[in-house]
Amino acid sequence: MRLCQPRSPASKGRHGDAMGLYEQAIRSAREHGFMHNAGVAHEVAARSYAARGLESIAHACLRNARHCYRRWGVLGKLRQLERLNPGLAEESTASVLSATINAPIEQLDVGTVVNAPQAVSSEIEPGKHHRESMFAGLRHCALTLWLIVTCVIATSSPAVAQTQSASIKSEDNRLAEIVVTAQKRSQNIQDTPLSVTAFTGSTLRAAGVTVVSDLGEIDSTLQFSAIGGIATVFMRGLGNPVATLGNEASVPMYIDDVYYSRLSPSFFDLVNVDNVEILKGPQGTLFGRNASAGVISIYTRDPGNTPVIEGMVGYGNYATTTAQLYASVPITDKLAADISLSEYNQASGWGRNVYNGAQTYLNYYFNARSKIIWRPTDSTTVKFIGYYAEQNSLQGELTTPYAGTVGGGVDNSGAITALPEPPQPRFYDINLDHMPGVTTETYGGSIRVDQELGFGVFSSISAARKTHESYMVDGDLTPYPLANYDLRPVDQQYSQELQLKSKPGAPISWIGGFFYLNTLGGYNPIHIQGNTFIAGGINSIDQIGEQRLNSFAPYGQVTYPILPDTNLTAGLRYNKDHLRGFGSTTIYTYPGGPLSGLGPSFLAAPPPDQTRDFEKLTYKISLDHHFSPDVMAYALVSTGFKSGTYNVDSISSGPLSPETVTTYEFGLKTELLGHRLRLDGAVFRNDVKDPQVQSSQMGIETVINAGSARSQGVEVESTALLTRGLTARLSATYLQSEFLDFSDAPYFYQRPAGGNGLDSMNARGNVLPRAPRESMDAGLNYGVDVAGVGKLAFDTNVVYSSKFYWDSDNVISEGPLTIINASATFTPRRVEALSIRLWARNLTNKKYYSIEFEEQGPAGFAASAAAPRTVGGEFRFKF
């Protein structure tokens with residue numbers, strides 16, 4: 001009430017009474033910790049003093065208001081204050097370094113605030129703190145040159161040659177603000193004290209990112225691939241293959257705050273995406289489930305109060321058709337719903353199978369997703385989400401010997417010798433008697449309830465998913481029927497998360513929660529047959545292996561402002577996992593063979609049934625300091641835990657040890673040149689104990705433990721508004737990684753007659769798999785209005801990766817690679833609801849591999865080709 005009372009005395013000329021009430025309001029706000037109210041009171045007092053001509057006193061009040069807003073963390077209001085008072089902005093170091101990803105904030109009139117103080121709260125985006133990271137001396141000449149050129153161009157731009165206050169008045173002359181939930185609360189990404197990258201849906205579409213596996217083309221810390229139809233991601237040199245059932249990724253993926261232990265890349269079609277957040281480094285407190293390397297969070301659009309219909313139809317080479325539809329409609333003032341549909345069909349292959357003339361590398365998927373939002377009261381929100389996805393793909397499957405290697409030779413039993421099998425002369429051709437491929441069908445849903453309480457917000461997130469799969473593998477990778485595998489994966493999960501967190505804008509930010517996960521994963525069965533086994537009297541083998549997991553994890557995190565511009569964050573999570581591994585191996589004898597006397601079938605061994613518990617306390621401690629509203633530095637120590645797991649095709653060998661990671665990170669987040677150049681960076685070191693790395697057994701991908709490893713490096717991210725409509729972006733990483741202890745690593749070597757032999761080696765000092773020393777993603781986006789015609793937008797993206805090794809023995813490597821993607825979009829002036837886009841990916845038609853897998857026997861060093869140059873066009877509409 002004191003905020004409103006001064007108006008009457010002041011308006012009647014009793015300025016002394018008014019000032020006394022202002023002081024009471026400020027003192028009361030401070031005593032109760034309401035820094036935003038104190039800021040408003042200072043701002044109102046400044047206006048009153050200015051009206052009396054007391055400019056110096058008014059300026060002092062404005063400085064106090066700025067201090068209160070900065071301490072509260074409401075940087076949007078802080079920038080508005082400086083925008084309305086240019087002298088104050090010039091006085092602030094924000095005139096030198098400005099670091100936010102700005103979103104337009106409405107012009108708040110102080111008189112309106114006096115009449116309705118709650119209006120201020122609605123305009124302030126709560127909980128804004130912190131910014132990201134940087135490191136000087138990236139040692140990469142190309143990166144340094146790019147940064148210099150960017151700064152020079154931006155500085156010399158006519159728009160920036162004006163005063164700062166003039167350039168900030170037009171939101172078209174600033175980078176746009178992005179709000180993330182990396183700490184389970186809404187924050188400006190530049191105020192978040194950890195390395196996080198975020199992309200809006202429009203940015204992703206402009207860059208040609210249509211599925212989650214494309215994210216590696218705009219974030220240099222990521223290495224994406226897919227094997228067995230399952231998305232696999234490495235981050236900062238850490239990761240492991242998740243294709244093996246029961247195993248979970250070191251970089252888990254979340255969609256709308258729901259954890260997914262394993263999904264195909266097509267499921268992550270970004271047709272209705274709102275934004276994507278990439279959290280780097282272990283997230284062992286708030287996202288703790290196996291987040292030992294990082295987290296990828298995808299958020300889909302919410303249906304709103306306005307009906308929306310938009311879609312796309314497209315066509316590309318290789319007879320590729322695409323179609324997307326998104327529709328949203330308000331049903332009542334408290335109920336809204338949407339639906340998203342997408343279909344992709346590549347009907348012509350990149351090559352052919354020489355064995356039978358069939359086409360190779362085909363791909364088809366269909367996704368459907370719907371969201372219903374119900375707000376029964378002003379303080380309650382309920383979200384219902386349901387989805388269905390199916391895929392039939394011959395891509396991402398092992399199909400050919402790696403370039404420079406030869407398959408074939410003697411099988412593992414020494415009974416049959418196949419002719420040497422080199423790669424085909426045409427890169428995308430294969431020669432297999434058993435065509436590899438995967439068919440998946442996934443469905444599930446979630447229910448989220450958010451309830452505002454007097455002291456905080458309670459959330460409940462319940463989710464369930466089930467996947468049916470069929471996976472075929474040519475186990476010998478030759479045109480001879482030596483060993484073929486037909487797998488029937490089992491994959492289902494249920495999760496429940498409960499959260500209680502502070503209200504937005506609370507002086508101390510806190511969250512507590514509990515996470516439960518139940519999964520069943522494995523194979524039922526793996527069906528194996530071929531001439532190799534017939535020679536030993538075996539007609540076929542059916543192997544069943546499954547793992548049941550029950551995981552429990554309470555967690556909590558607190559952010560406390562120890563000084564006006566300095567925050568301390570501390571978090572803990574206790575993980576407890578209970579695993580049960582069980583299965584059987586049944587051998588079916590070949591009639592008349594040496595084992596036929598044992599009957600038509602028999603168990604190879606007593607069926608294994610084992611249990612194991614794992615538990616771990618993970619923590620995070622970070623300190624961040626704002627040198628100005630636009631410059632923030634942070635330092636953190638964070639731990640991650642990837643639970644132990646069974647190799648479900650070998651339950652009897654026991655579970656793997658958990659993988660634990662301790663990360664040390666320093667970062668700096670800034671914005672320069674009046675919010676036209678964003679420059680962030682981080683220096684990090686990951687110490688890994690018992691890393692889980694790829695191996696193989698019977699042609700099936702498995703995971704084993706190494707002793708210890710380390711990855712360390714520097715990453716820099718930059719976005720620059722070079723001139724009106726022209727934006728440049730850069731992501732660059734310099735990485736050093738190695739095994740510190742791996743004394744019994746598998747070592748695969750090429751046999752003279754073809755195929756691979758297997759030995760062991762000490763891999764100490766070897767580079768971690770899929771960890772290139774240098775990687776960079778750079779892009780330009782230019783939009784221009786053509787008078788009387790319409791809008792044109794051009795986007796070009798260049799992806800560079802230096803040499804990296806596929807496996808821990810460092811035998812097979814992928815050389816330096818540069819991929820160029822480009823697109824052009826036209827939107828006619830008279831029909832802005834329609835647009836036409838032409839695009840090209842892998843413009844220079846580079847031939848390279850998407851995966852590699854080393855194996856003992858005829859399969860040798862198996863690989864799968866990545867996509868050749870693809871081109872196409874699409875027509876979009878929006879109503």
Side-chain angles (χ1 to χ4, degrees), residues 103-104 171-172 175-176 178 199-212 214-215 217-218 268-276 298-304 306-329 338-346 367 369 719 721-729 779-797 820-843 869-879:
E171 300 297 345
D172 292 337
L175 296 171
I178 295 179
F199 302 98
T200 63
S202 58
T203 300
L204 296 174
R205 284 190 294 272
V209 175
T210 57
V211 293
V212 72
D214 295 337
L215 289 173
E217 298 178 359
I218 54 176
F268 298 100
D269 186 350
L270 303 178
V271 54
N272 68 330
V273 67
D274 185 59
N275 66 288
V276 175
I298 300 172
Y299 295 93
T300 60
R301 297 162 63 175
D302 286 344
T306 303
V308 174
I309 298 178
E310 58 186 65
M312 180 272 288
V313 290
Y315 185 81
N317 57 340
Y318 300 103
T320 302
T321 57
T322 55
Q324 298 175 354
L325 177 67
Y326 177 79
S328 170
V329 60
D338 71 7
I339 188 168
S340 171
L341 305 172
S342 66
E343 185 177 52
Y344 176 95
N345 185 18
Q346 181 194 316
N367 292 330
R369 190 176 186 88
T719 304
L721 185 59
L722 303 182
T723 186
R724 186 181 298 274
L726 178 60
T727 303
R729 59 184 182 270
L780 284 173
N781 181 271
Y782 180 60
V784 60
D785 282 338
V786 180
V789 178
K791 297 178 181 179
L792 285 171
F794 303 92
D795 194 279
T796 302
N797 197 67
I820 301 174
N821 303 323
S823 69
T825 303
F826 171 67
T827 304
R829 179 171 299 279
R830 296 183 180 275
V831 194
E832 294 189 355
L834 306 178
S835 64
I836 299 173
R837 179 173 176 266
L838 303 177
W839 55 267
R841 300 177 61 82
N842 189 6
L843 197 59
R869 176 173 51 228
T870 52
V871 297
E874 58 190 39
F875 171 77
R876 288 186 176 272
F877 60 89
K878 180 178 181 179
F879 302 103

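For the numbers below, each heavy atom of this structure counts, side chains included, while hydrogens, waters and symmetry mates do not.
Between Asn367 and Tyr344, the closest side-chain pair of non-hydrogen atoms is not below 4.5 Å. Residues Leu721 and Thr727 meet the side-chain proximity criterion, which asks for heavy atoms closer than 4.5 Å. The shortest side-chain heavy-atom distance between Trp839 and Thr870 falls under the 4.5 Å cut-off. Using a 4.5 Å heavy-atom threshold, the side chains of Arg829 and Asp785 count as touching.
Taking both residues in full, the closest heavy atoms of Ser340 and Tyr326 are given as CB-CD1, 4.1 Å, listed atom of the first, atom of the second, then distance. A pairwise comparison of heavy atoms in Ala840 and Val871 identifies CB-CG1, 3.7 Å as the closest pair. Scanning both residues, Gly304 and Ser328, for their nearest heavy atoms gives N-OG, 3.5 Å. When all heavy atoms of Tyr318 and Gln346 are compared, the closest pair comes out as O-CG, 3.6 Å. Pairing each heavy atom of Leu838 with each of Gly873, the nearest pair is CD2-CA, 4.0 Å. Shown here for Arg869 and Asn317, the closest heavy-atom pair between the two residues is O-ND2, 3.2 Å.
Side chains of Glu217 and Asn821: a donor-acceptor N/O pair is present below 3.5 angstrom, by distance only.
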Candidate pair Asp302 and Asp338, rule side chain to side chain contact (heavy atoms under 4.5 Å, CB included), full reasoning: CA-CA 8 Å; Asp302 286 344; Asp338 71 7; over 6 Å; no
Would you check, one step at a time, whether the test side chain to side chain contact (heavy atoms under 4.5 Å, CB included) holds for Phe877 with Val313? CA-CA 9 Å; Phe877 60 89; Val313 290; 5.6 Å; no
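Between the CZ atom in Arg876 and the CD1 atom in Ile836 there is a gap of 12.5 Å [rounded to 0.5 Å]. Note: Leu792 CG to Thr825 OG1 = 9.0 Å, rounded to the nearest 0.5 Å. A distance of 9.0 Å separates CG in Leu204 from CG in Asn275, rounded to the nearest 0.5 Å. In this structure, NZ in Lys878 is found 5.0 Å from CD in Glu310, a value given to the nearest 0.5 Å. Note that the OG1 atom of Thr200 and the OH atom of Tyr299 stand 15.0 Å from one another [nearest 0.5 Å]. Here the CZ atom belonging to Arg729 is positioned 7.5 Å from the OG1 atom belonging to Thr203, to the nearest 0.5 angstrom.
Other residues, nucleotides and ligands contribute over 12 non-hydrogen atoms within 6.0 Å of the CZ atom of Phe826.
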